[in-house]
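Comments concern the structure below.
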Amino acid sequence: MKFTSSLGRMIALLLVAALLAACAPAATEAPVVEAPTEAVAAPTEAPATEVPPTEVPEPVDFTTWFEFDEKNEDPAADGRVGNEYLRNTIPQFNEAFAGKWNWVNQPKAYDKMETELVAAVQAGAEVPDIYEMLSDSVNAFAQNGTVQDLREWAEAQPWFADLDPSALKACTAPDGALLCIPMTQRPQAVYVWTDRYPNGFPKTPEDFLTQAEALKAEGKYAITFYGSTEKGGSGINRAMFTTLSSFGGGLDDGNGNMLLNTPENIAAIEFLREIVAKGYAPEAVFAGKFQEEEYFKDSSAGAFPTGLNGYLYLFPLTAPNGTPYDTNTSQDFLNALEAGDIYLSPFVSVEGVQPGCNTTATGLAIPVGAKNVEAAHDFISWVMTPEQNANYVVGPGGGLPALKTTQSDPRFQSTFYQQASETIGASACRPWYGSLLRPAEAKELVMNTIYKLIKEDPTADIAAELTKTQEEYNQGN
């Protein structure tokens with residue numbers, strides 16, 4: 001028992017010792033002193049990250065219908081001047097409106113543009129945002145609701161007050177709607193080789209026939225003109241209407257009806273008959289494809305009644321004295337005029353009547369249903385800026401500027417524009433269609449009739465044929 005008791009005491013002592021050890025404070029570790037480090041260099045700036053360039057928004061396509069094609073680089077193409085204008089100008093516009101608009105042109109045949117646009121609008125099909133039009137289409141577009149009335153918008157623009165009133169009138173519908181913004185005016189004039197008519201172009205039909213006979217004796221033609229029925233009867237708005245109106249005639253009664261059977265129109269057609277029958281004009285006047293121009297270009301024909309913009313297509317030229325004008329650009333005609341080999345003149349006219357001529361304005365219209373009207377507004381105002389407006393006029397526009405400030409541009413102070421102003425001032429120019437609301441139909445009907453009377457059947461009764469044509473048209477009123 002003694003052993004057991006001692007053992008118990010020993011165990012008890014061990015337990016007490018263990019408890020005391022557990023309760024004793026733990027020895028603290030000496031603080032760790034870090035070894036001194038080398039001086040830390042100042043932090044360098046992180047390499048600059050390149051800021052990505054601001055992305056230009058994808059521009060929205062805006063479309064135009066011009067009769068010209070910028071992709072056609074054929075120097076002999078009829079529309080070469082307009083083609084070149086678009087080729088140069090489309091990139092300029094796209095740069096000016098980068099990220100906003102992208103100009104896409106859809107070239108159209110000029111003699112089919114009107115009917116194609118009317119059909120597209122009526123069918124609710126896709127239409128362009130800008131349509132380059134002739135004022136010949138104003139009445140038809142008004143009747144068919146084809147293009148938008150731009151008057152309210154245009155009158156708020158800074159360039160509106162600068163537009164020539166007669167040009168504005170040409171773009172104005174019978175109800176006062178402004179259906180196009182006029183860019184140029186293209187009245188008719190007579191281009192004359194000086195050596196063929198050294199004393200001035202004849203003033204009367206009688207004097208013309210006398211001089212025509214003298215030229216025929218020399219193996220020359222007195223005149224060449226567009227007498228073909230192609231292109232929807234476009235000969236009407238060229239020499240045909242010029243002749244009718246110079247005799248005091250016309251195509252309408254002022255109230256929307258066609259009126260052809262008049263003494264004045266009969267006399268004019270008799271005059272044309274004599275020119276053709278006696279060979280004072282080349283047979284090519286009826287051939288189409290502008291073959292009549294060749295006889296003025298080589299000066300075998302002494303005169304050529306055409307639009308004021310017609311010179312854009314007349315090159316190269318050879319003057320009667322043999323001088324060549326052969327840069328193969330529209331400058332050829334202007335050079336010949338500056339040299340005095342060519343001059344501009346009014347047409348002949350009967351006593352008491354001012355020389356007649358058709359006048360047409362070129363303009364920019366916005367079709368009904370256009371998707372990007374804002375783009376169309378931007379385009380028109382851009383073309384109305386001084387530099388761009390002058391470029392358009394000397395390019396595809398031709399004729400006289402509709403903006404009065406553009407008329408003061410140095411490019412319009414030349415002999416050509418001086419003579420053009422004098423010629424038009426001495427003429428009584430007016431739109432050939434008058435009050436007719438279906439000009440495309442009227443033009444073709446009348447041209448086919450005049451062609452028959454002066455070419456196909458020169459013995460046919462003029463009055464009877466004119467009456468038949470006017471009645472056919474008026475049945476549609």
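Because the structure is predicted, anything quoted here is derived from the model rather than measured.
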Test side chain to side chain donor-acceptor pair (under 3.5 Å) applied to Ser137 and Glu114, step by step: CA-CA 7 Å; Ser137 300; Glu114 178 185 305; 2.7 Å; yes
Exceeds 12 heavy-atom contacts within 6.0 angstrom, atom NZ of Lys404: yes
Donor-acceptor under 3.5 Å (Arg87 side chain, Glu70 main chain): yes
Geometric class of the Tyr451/Phe286 ring pair [parallel <30°, tilted 30-60°, perpendicular >60°]: perpendicular
Pairs where residues 430-442 contributes a residue and the test salt bridge (Lys or Arg N to Asp or Glu O under 4.0 Å) is met, not counting sequence neighbours: Arg438-Glu441
Partner residues of Tyr433 under the ring pair (Phe, Tyr, Trp, His ring centres under 6.0 Å) criterion, sequence neighbours left out: none
Full working for side chain to side chain donor-acceptor pair (under 3.5 Å) between Asn261 and Thr467: CA-CA 6 Å; Asn261 184 13; Thr467 297; 2.9 Å; yes
Side-chain ion pair, Glu270 and Arg273, N-O less than 4.0 Å: no
Ser300 side, atom OG; Phe296 side, atom CZ - distance, nearest 0.5 Å: 10.5 Å
Glu293 vs Lys297, salt bridge (Lys or Arg N to Asp or Glu O under 4.0 Å): CA-CA, chis, key distance, verdict: CA-CA 6 Å; Glu293 295 177 352; Lys297 287 160 67 174; 5.2 Å; no
Donor-acceptor under 3.5 Å (Asp457 side chain, Leu453 main chain): no
Asn265 (side chain) donor-acceptor with Leu260 (main chain) under 3.5 angstrom: yes
Tyr392-Glu132 side chain donor-acceptor pair, cut-off 3.5 Å: yes
Pairwise distance OG1(Thr359) to CG(Leu308) - rounded to 0.5 angstrom: 9.0 Å
No-hydrogen, no-angle side-chain donor-acceptor test under 3.5 Å, Thr327 and Asp332: yes
Stepwise side chain to side chain contact (heavy atoms under 4.5 Å, CB included) check, Val446 with Met258: CA-CA 10 Å; Val446 177; Met258 183 176 284; 3.6 Å; yes
Donor-acceptor side-chain pairing of Thr469 and Thr449 below 3.5 angstrom: yes
Backbone of Asn255 reached by a side-chain donor or acceptor of Asp253 within 3.5 Å: yes
Short side-chain to backbone donor-acceptor contact, Ser246 and Ser349, under 3.5 Å: no
Flag side-chain contact, heavy atom, 4.5 Å: Tyr131 against Thr64: no
Step-by-step side chain to side chain contact (heavy atoms under 4.5 Å, CB included) determination, Lys108 to Glu67: CA-CA 5 Å; Lys108 298 291 179 179; Glu67 64 175 278; 5.9 Å; no
Check: Asp136/Trp432 side-chain N/O donor and acceptor closer than 3.5 Å: yes
Atom pair CZ/OG of Arg186 and Ser135 - distance to nearest 0.5 Å: 9.5 Å
Parallel, tilted or perpendicular: ring planes of Phe201 versus Tyr197, cut at 30 and 60 degrees: perpendicular
Donor-acceptor under 3.5 Å (Asp129 side chain, Val373 main chain): no
Nearest non-hydrogen partners of Val138 and Thr172, listed with the distance: CG1-O, 3.7 Å
Plane angle bin for Phe333 and Tyr191 - parallel if under 30°, tilted between 30 and 60°, otherwise perpendicular: tilted
Side-chain H-bond candidate by donor/acceptor type, Asn335 with Gln331, under 3.5 Å: yes
Side chains of Leu251 and Leu259 in contact at under 4.5 Å (non-hydrogen atoms): no
Any side-chain donor near an acceptor of the partner, Asp252 and Asn257, under 3.5 Å: no
Plane angle bin for Phe379 and Trp103 - parallel if under 30°, tilted between 30 and 60°, otherwise perpendicular: perpendicular
Salt bridge (Lys or Arg N to Asp or Glu O under 4.0 Å) contacts in which one or both residues fall within residues 204-219, not counting sequence neighbours: none
Side-chain donor/acceptor of Ser245 to backbone N/O of Gly248, under 3.5 Å: no
Nearest non-hydrogen partners of Ala281 and Phe225, listed with the distance: CB-CE2, 3.9 Å
Residues Asp409, Arg411; criterion salt bridge (Lys or Arg N to Asp or Glu O under 4.0 Å); working and verdict: CA-CA 5 Å; Asp409 186 284; Arg411 284 173 281 186; 3.2 Å; yes
Working for side chain to side chain donor-acceptor pair (under 3.5 Å), residues Thr362 and Thr184: CA-CA 5 Å; Thr362 63; Thr184 68; 2.5 Å; yes
Backbone of Val118 reached by a side-chain donor or acceptor of Asn144 within 3.5 Å: no
pair Trp382-Phe93: side-chain heavy atoms closer than 4.5 Å: yes
Contact summary for Ala361 and Ala170, nearest pair of heavy atoms: CB-CB, 3.7 Å
Salt bridge (Lys or Arg N to Asp or Glu O under 4.0 Å) contacts touching residues 191-204 (sequence neighbours left out): none
Those residues that, when tested against Phe347, pass ring pair (Phe, Tyr, Trp, His ring centres under 6.0 Å) (two or more places apart): none
Donor on one side chain, acceptor on other, Asp164 and Ser166, under 3.5 Å: yes
Distance-minimising heavy-atom pair for Ala167 and Ala402: CB-CB, 3.8 Å
Within residues 415-429 or reaching into it, pairs that qualify as side chain to side chain donor-acceptor pair (under 3.5 Å) - sequence neighbours excluded: Glu338-Thr415
Closest non-hydrogen atom pair between Ala222 and Phe208, with its separation: CB-CZ, 3.8 Å
Check ion pair Glu283-Lys455 (N to O, under 4.0 angstrom): yes
Greater than 12 external heavy atoms within 6.0 Å of Glu84's CD: no
Distance-minimising heavy-atom pair for Phe290 and Glu230: N-OE2, 4.2 Å
Glu292 backbone acceptor or donor facing Thr224 side chain under 3.5 Å: yes
Heavy atoms from other residues, nucleotides or ligands near CD of Glu155 exceed 12 (cutoff 6.0 Å): yes
Donor-acceptor contact present, side-chain Thr318 to main-chain Pro324, <3.5 Å: no
Residue pair Val190, Ile223: steps toward the side chain to side chain contact (heavy atoms under 4.5 Å, CB included) verdict: CA-CA 10 Å; Val190 183; Ile223 196 169; 5.9 Å; no
Sidechain N-carboxylate O distance under 4.0 Å for Lys112, Glu116: no
Residue Glu126 excluded, over 12 heavy atoms near CD under 6.0 Å: no
